[in-house]
There are 2 protein chains.
Amino acid sequence: MENDVTRQTRKLSQLYAFTSIQMHEAIARKAGLSGTDHKYLGFLIEKGQMTAGELSTLTGLTTGAVTGLIDRFEKKKLVKRKFAEDDRRKVIIEPDTKKIMTLFVPLYKEFRKKSEKLIASFSTRERKIIETYFSKAIEIMNDTTSKLNKK
Amino acid sequence: MENDVTRQTRKLSQLYAFTSIQMHEAIARKAGLSGTDHKYLGFLIEKGQMTAGELSTLTGLTTGAVTGLIDRFEKKKLVKRKFAEDDRRKVIIEPDTKKIMTLFVPLYKEFRKKSEKLIASFSTRERKIIETYFSKAIEIMNDTTSKLNKK
DNA sequence: GGTAAATATCTTAGTTACTAAGATAATATA
DNA sequence: TATATTATCTTAGTAACTAAGATATTTACC
């Protein structure tokens, strides 16, 4: 059975995830994108560039939906399409990192500064504890997700 | 300037939020709901019951969208509509907690067990550190969100 | 080398959930 | 009582999705 202390931590971690979504959606809206588009643009920034097919696999969207996604980004000049040299069927999506940064950095700036300050307020040992919790919780969630998607 | 250690913690907390969304969407899909519907159903469970208008304010959806939302829940027999005694214009949405639990508990069961075990693996002092991080991070995010929505 | 199969992306038709604006019904106010 | 306000619903139009099929390129086989 779950005791009160465990429950409190669990509830707080739930609220953390939820609050994070709300913030990301607010940032996206402010940048003229939907929450999902913001999320997927993050993938591109993270990876640098990828093909339309890779983005489809990564996002779980159909290839048709990915075509639309890239169209929206391209119209805003946030990415460029180019054919792969080695296989001209493939479409490489190249994010304009500079342009994207210019769009988002002002919106994230204050948040990032405060976050860094918060993290810095913990000792190395304390940060280690927080990181351990995050790592293990992520593992559990990924496990749950992949089991659900399989069955 | 951000150092590597800070960066690592920040990245991990980002990944945590992202992974959490993925899991919630997987659970929702499995229950035959969309990710957003799952989220909003959570509001209802949390609060017990509320009027359509309150749900509209809480979710930020238009009243028309809320009508559709309730229709979808009602069709699945997850909630019931009834008029408020004191003001018959108001529609009270009453969640069938039992039915909703029956739907979601099996999907969450293993995750919850593992989460509780993880939380229990930390000492009271360690849990306190994790909770402090969460609380303060939530505050920062809420601050950012409300500022963005205001401007 | 030429033909068939496979692959990567795009297009089209149909669906779902949203918004904006206005309709309906109940309540509050003058 | 008549009018204004409020709470929800309805309607018309839009955006982003899926499924299925079209198009273009590459790979495999004889």
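We name chains A, B, ... by the order of the sequence lines, and we start the count at 1 in each one.
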_By nearest atom, which of the nucleotides dC18(C), dT27(C), dT26(D) is closest to the Asp87(A) side chain?_
dT26(D)
*asked:* On DNA chain C, does the nearest nucleotide to Thr63(A) precede the nearest nucleotide to Thr36(B) from the 5' side, or the other way round? Give the residue.
replied: Thr63(A)
*On DNA chain D, nearest-nucleotide positions of Ala52(B) versus Gly68(A): which is more 5'?*
Ala52(B)
_Whole-Å gap separating P (dC18(C)) and CD (Glu25(A))_ = 12 Å
*Determine whether the side chains of Ser13(A) and Tyr16(B) contain a donor N or O and an acceptor N or O closer than 3.5 Å.*
yes
_Side chains of Gln22(B) and Thr145(A): any donor to acceptor distance under 3.5 Å?_
no
*Regarding Thr6(A) and Glu116(B), is there a side-chain donor-to-acceptor distance under 3.5 Å anywhere?*
no
*Quick one: on DNA chain D, does Gly60(A) or Asp86(A) contact a more 5' nucleotide (nearest heavy atom)?*
Gly60(A)
*Does Arg72(B) place a side-chain N or O at less than 4.0 Å from the phosphate oxygens OP1/OP2 of dC18(C)?*
yes
*Whole angstrom value for the distance that separates P of dC17(D) from CG of Leu69(A)*: 7 Å
*Taking the side chain as every heavy atom from C-beta outward, state whether Leu58(A) and Met50(A) have any atom pair closer than 4.5 Å.*
yes
*Among dT9(C), dT26(D), dC18(C), which nucleotide sits nearest the side chain of Thr67(A)?*
dT9(C)
*With heavy atoms under 4.0 Å as the rule, sort Ser56(B) into base, sugar-phosphate or nothing.*
nothing
_5'-most by nearest nucleotide on DNA chain C - Ala65(A) or Lys90(A)_ = Lys90(A)
*asked:* Expressed as a whole number of angstroms, how long is the span from Arg29(A):CZ to dC18(C):P?
replied: 13 Å
_Atom-to-atom span, CG of Asp37(B) to C1' of dC17(D) - whole angstrom_ = 15 Å
*Measure the distance from CZ on Arg88(A) to P on dA6(C) and round it to the nearest whole Å.*
24 Å
*Whole angstrom is fine here: how far is it from CG in Asp71(B) over to P in dT16(C)?*
14 Å
*Kindly give the heavy-atom pair with the smallest separation between Ser34(B) and Ala28(B), and that separation in Å.*
O-CB, 3.5 Å
*Could you give the CD1-to-P distance, from Ile70(B) to dT16(C), as a whole number of Å?*
19 Å
*Taking only side-chain nitrogens and oxygens of Arg81(A), does any of them come within less than 4.0 Å of OP1 or OP2 of dC10(C)?*
yes
*So, is Arg89(A) close to the dC10(C) phosphate, meaning a side-chain N or O under 4.0 Å from OP1 or OP2?*
no
*Rounded to whole angstrom units, what separation is found between the CG atom of Leu61(B) and the P atom of dT8(D)?*
14 Å
_Over all strands shown, is Gly53(B) touching base, sugar-phosphate only, or nothing at heavy-atom distances under 4.0 angstrom?_
sugar-phosphate
*Which part of the nucleic acid does Thr51(B) contact within heavy-atom distance under 4.0 Å: base, sugar-phosphate only, or nothing?*
sugar-phosphate
